[in-house]
Amino acid sequence: QVQLVESGGGLVQAGGSLRLSCAASGRTSSTYYMGWFRQAPGKEREFVATISRSSGSTFYAASVKDRFTISRDNARNTVYLQMNSLKPEDTAVYYCAHSKYYNRSTRSEEYEYWGQGTQVTVSS
């Protein structure tokens, strides 16, 4: 079992920044991927970013590329999502997830463990 706890959400004005954290505990693996997803009211959960815990390689959704940065601190078992130039359309509950497999994925069904989510609200 893996437990994930997100923090760092809040209310910010458009153009502002937030940094989300995801602390992992339990049977985590350094060979897996960690990802961030988000879900806005009335919409499906969507992929945001993912990072390899071993190599640090990253991949982003087109909608956040060049504005968001995913990073990890393996010593702290923590993954971060730095969000800059925030837009009202970034408003959502953000979830951290631990992959089922060793390969990179943008599909939520290929992530096995999920955090409880943290709300991000961007005002215009």
Side-chain angles (χ1 to χ4, degrees):
Q1 287 286 341
V2 174
Q3 295 78 42
L4 303 172
V5 179
E6 302 100 333
S7 61
L11 173 64
V12 64
Q13 288 189 334
S17 299
L18 281 175
R19 188 175 84 153
L20 306 183
S21 299
C22 172
S25 61
R27 297 182 63 182
T28 60
S29 170
S30 62
T31 58
Y32 283 56
Y33 278 74
M34 296 291 294
W36 286 97
F37 289 76
R38 66 187 182 186
Q39 188 166 20
K43 295 188 177 181
E44 292 188 354
R45 189 170 297 188
E46 66 172 356
F47 168 77
V48 175
T50 188
I51 186 167
S52 165
R53 297 193 71 219
S54 56
S55 70
S57 66
T58 59
F59 185 76
Y60 298 90
S63 59
V64 306
K65 188 173 172 59
D66 298 328
R67 298 189 298 123
F68 291 10
T69 301
I70 188 171
S71 61
R72 93 278 194 227
D73 182 339
N74 287 343
R76 297 177 183 269
N77 251 354
T78 301
V79 174
Y80 304 96
L81 185 68
Q82 177 67 43
M83 305 185 295
N84 298 329
S85 302
L86 282 161
K87 305 175 181 180
E89 51 264 44
D90 293 319
T91 295
V93 177
Y94 283 70
Y95 297 91
C96 172
H98 184 287
S99 70
K100 288 182 183 178
Y101 312 115
Y102 298 115
N103 56 298
R104 185 187 78 190
S105 176
T106 63
R107 300 172 60 189
S108 60
E109 55 266 35
E110 295 189 357
Y111 287 79
E112 184 171 14
Y113 301 103
W114 294 82
Q116 81 288 351
T118 184
Q119 176 71 46
V120 171
T121 303
V122 184
S123 63
S124 57

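Annotation: side chain of Met34 is not in contact with side chain of Ser99 (no heavy-atom distance under 4.5 Å). Between Arg67 and Lys87, the closest side-chain pair of non-hydrogen atoms falls below 4.5 Å.
Listed for the Asp90 side chain is no donor-acceptor partner under 3.5 Å among the backbone atoms of Val122. Panel note: side chain Ser55, backbone Ser52; no donor-acceptor pair is recorded below 3.5 Å. Listed for the Arg72 side chain is a donor-acceptor partner under 3.5 Å among the backbone atoms of Ser54. Listed for the Glu6 side chain is a donor-acceptor partner under 3.5 Å among the backbone atoms of Gln116. Looking at Thr69, its side chain never comes within 3.5 Å of a backbone N or O of Gln82 through a donor-acceptor pair.
Checked options Val79, Thr50, Val64; the residue passing with Trp36 is Val79 (criterion: side chain to side chain contact (heavy atoms under 4.5 Å, CB included)).
With sequence neighbours excluded, the residues satisfying side-chain contact (heavy atoms from CB on, under 4.5 Å) with Arg76 are Asp73, Thr78, Tyr80. Listed by chain and residue number, Tyr101, Asn103, Ser105, Arg107 satisfy the side-chain contact (heavy atoms from CB on, under 4.5 Å) test with Glu110 (two or more places apart in sequence, or in another chain). Judged as a ring pair (Phe, Tyr, Trp, His ring centres under 6.0 Å), and not counting sequence neighbours, the contacts of Phe37 are Phe47, Tyr111, Trp114. Applying the side chain to side chain donor-acceptor pair (under 3.5 Å) rule to Arg45 yields no partners; only residues at least two apart in sequence or on another chain are considered. Lys65 is linked by a side-chain contact (heavy atoms from CB on, under 4.5 Å) to Tyr60, counting only residues two or more places apart in sequence or in another chain.
A donor atom on one side chain and an acceptor atom on the other are found under 3.5 Å apart for Tyr94 and Arg38.
Across all non-hydrogen atoms, the minimal contact from Lys100 to Tyr32 is O-CE2, 3.0 Å. Taking both residues in full, the closest heavy atoms of Ala40 and Ala92 are given as N-CB, 3.8 Å, listed atom of the first, atom of the second, then distance. Counting all heavy atoms, side chain and backbone alike, Lys43 lies closest to Gln39 at O-NE2, 3.1 Å. Scanning both residues, Cys96 and Leu4, for their nearest heavy atoms gives O-CD1, 3.7 Å. Closest of all the heavy-atom pairs between Val93 and Gln119 is CG2-OE1, 3.2 Å.
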For residues 8-21, which side-chain N or O atoms pair as donor and acceptor with protein atoms under 3.5 Å away, sequence neighbours left out?
from	atom 1	to	atom 2	distance (Å)
Ser17	OG	Asn84	OD1	2.9

Check against side-chain contact (heavy atoms from CB on, under 4.5 Å), Val48 and Met83: CA-CA 11 Å; Val48 175; Met83 305 185 295; over 6 Å; no

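Taking the ring centre of Tyr33 as origin, the terminal cationic atom of Arg104 falls outside the region bounded by 6.0 Å and 45° from the ring axis.
Other residues, nucleotides and ligands place more than 12 heavy atoms under 6.0 Å from the CD atom of Glu109.
Grouping the Ile, Leu, Val, Met, Phe, Trp and Tyr side chains by contacts below 4.5 angstrom, directly or via other members, places Tyr95 apart from Leu86.
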